[in-house]
Amino acid sequence: GDPTAAIEWMQKAVERQPSWQLLLTLANLEYRTGKLEAARGHLRELLDRAPGNPEGIKAWAQIELLSGDPAQAVALYGQLDRDRRDPQTLGNEGVALLLLRRPQEAEAAFRRALALAPQDPGTLLNLADALTLSGRTEEARAIYREVVARTEAAPQELLTTRAQALAHGGEPRRAVETIVQALRASPDSPQLAAEAAIVYALVGDRNSALAEIDRAIKGGVDRRWFLFPWFDSLRDQPPLSVAAPAAPSVAPSEP
């Protein structure tokens, strides 16, 4: 319950023994308390002392994906050997590529992740999103239907995945029913508000989408999570029109 004291003690530990493990722990503490530059600095130090350390690279890439520069995240993931890229890392790399509007490269990352963890509905959803953004809507719809089938008896944490698949797949009523069920169970979650905004944007409920976006941003969700094309029609409305970051430029995709 005292993160400031925790960081002070970890700093003392690092001063005495600056191992990569202690530097990683300190950087994670700093990131969780919003000290992003301090976390980046200690991860740089970690990689100076242990070049190529996969845990340091993954931690820094995660910071850039969630709160920084997705292009930097992609560059960091690119430093990992292929055999160091577990399903979660590949999935995160794919999401960063989607944020940069490079869907073909994102598709490749998601397919590699699914080769390692073929049952993951979240990665399947992301793959379908990548296909949608590549203009391959029929392929995408088939995968959205597969996500819906796999989440038929979904636990609570998969309801938003199911709702998004239903919305993308052209079932707005079921999508809204599902996301409302999720919101009732966790009404105060900013992350859930961001995911609900996707559903409402996809089904054309602009007012609900904007309300959820506002709630998510006020709860601490970074504005970059609303750079996806599903929100393009809302960019002239607050809160997206207020101090919103510029959308990443569309880079040519390489398969």
Side-chain angles (χ1 to χ4, degrees), residues 31-32 34 62 65-67 70 88 91-92 94-96 98-99 106 110 117 119-133 140-141 143-245 247:
Y31 172 68
R32 290 201 298 270
Q62 183 84 345
L65 173 61
L66 296 176
S67 305
Q88 181 179 2
N92 288 342
V95 171
L98 282 184
L99 282 168
F110 294 137
Q119 302 302 315
D120 182 55
T123 306
L124 266 180
L125 176 68
N126 288 334
L127 172 60
D129 288 348
L131 293 171
T132 295
L133 296 177
R141 278 182 176 265
I143 296 176
Y144 288 131
R145 288 194 293 269
E146 185 177 351
V147 173
V148 172
R150 289 194 184 189
T151 56
E152 193 67 44
Q156 186 66 36
E157 61 268 20
L158 287 178
L159 284 177
T160 59
T161 298
R162 180 177 175 81
Q164 289 175 64
L166 287 164
H168 278 291
E171 298 191 60
R173 181 182 60 80
R174 293 176 67 198
V176 170
E177 289 174 351
T178 304
I179 201 62
V180 167
Q181 182 183 348
L183 289 167
R184 284 174 181 162
S186 302
D188 299 321
S189 168
Q191 182 59 42
L192 181 54
E195 293 168 349
I198 296 173
V199 174
Y200 286 124
L202 288 169
V203 304
D205 186 342
R206 290 170 57 89
N207 290 333
S208 294
L210 290 167
E212 294 297 341
I213 291 168
D214 186 60
R215 193 161 68 88
I217 290 173
K218 287 178 178 176
V221 173
D222 196 283
R223 288 177 181 271
R224 76 191 57 254
W225 294 104
F226 304 105
L227 295 177
F228 289 107
W230 345 119
F231 300 109
D232 283 352
S233 66
L234 304 175
R235 300 215 183 278
D236 61 341
Q237 300 293 318
L240 292 186
S241 63
V242 179

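- Side-chain contact between F231 and I213 is present, with heavy atoms from C-beta onward closer than 4.5 Å.
- Under the side-chain contact (heavy atoms from CB on, under 4.5 Å) test applied with F110, the options L131, T123, D120 reduce to a single match, T123.
- Using a 4.5 Å heavy-atom cutoff, the side chains of Y31 and S67 are in contact.
- The aromatic rings of W225 and F228 sit tilted, their planes meeting at an angle between 30° and 60°.
- The number of heavy-atom neighbours closer than 6.0 Å to CD of Q88, taken from other residues, nucleotides and ligands shown, is 12 or below.
- For T178, the side-chain hydrogen bond (donor to acceptor under 3.5 Å, both in side chains) criterion is met by no residue, not counting sequence neighbours.
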Please report, to 0.1 Å, the donor-acceptor pairs under 3.5 Å made by any side chain of residues 168-176, with sequence neighbours excluded.
residue : atom : partner : partner atom : Å
H168    : ND1  : Y144    : OH           : 3.2
H168    : NE2  : D129    : OD1          : 3.2
E171    : OE1  : R174    : NH1          : 2.6
E171    : OE2  : R174    : NH1          : 3.4
R173    : NH1  : E177    : OE1          : 3.4
R173    : NH1  : E177    : OE2          : 2.8

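- For the atom pair CD1 of I179 and CD of Q164, the computed distance is 7.0 Å after rounding to the nearest 0.5 Å.
- In this structure, CD1 in I217 is found 5.5 Å from CG in L240, a value given to the nearest 0.5 Å.
- Side-chain atoms of T151 come within 3.5 Å of backbone N or O of V148 as a donor-acceptor pair.
- With hydrogens and angles ignored, the 3.5 Å screen pairs a side-chain donor or acceptor of R235 with a backbone N or O of L227.
- Nearest heavy atom pair, residue L183 against residue E212, reads CD1-OE2, 4.0 Å.
- Residues P190 and R215 form no side-chain contact, since every pair of their non-hydrogen atoms from C-beta on lies 4.5 Å or further apart.
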Extract all donor-acceptor atom pairs below 3.5 Å that involve side chains of residues 191-211 and protein atoms in other chains or at least two apart in sequence.
residue : atom : partner : partner atom : Å
E195    : OE1  : T160    : OG1          : 2.9
D205    : OD1  : S208    : N            : 3.1
D205    : OD1  : S208    : OG           : 3.2
D205    : OD2  : S208    : OG           : 2.9
R206    : NH1  : S233    : O            : 3.0

Apply side-chain contact (heavy atoms from CB on, under 4.5 Å) to D222 and L66, showing your working.
CA-CA 7 Å; D222 196 283; L66 296 176; over 6 Å; no
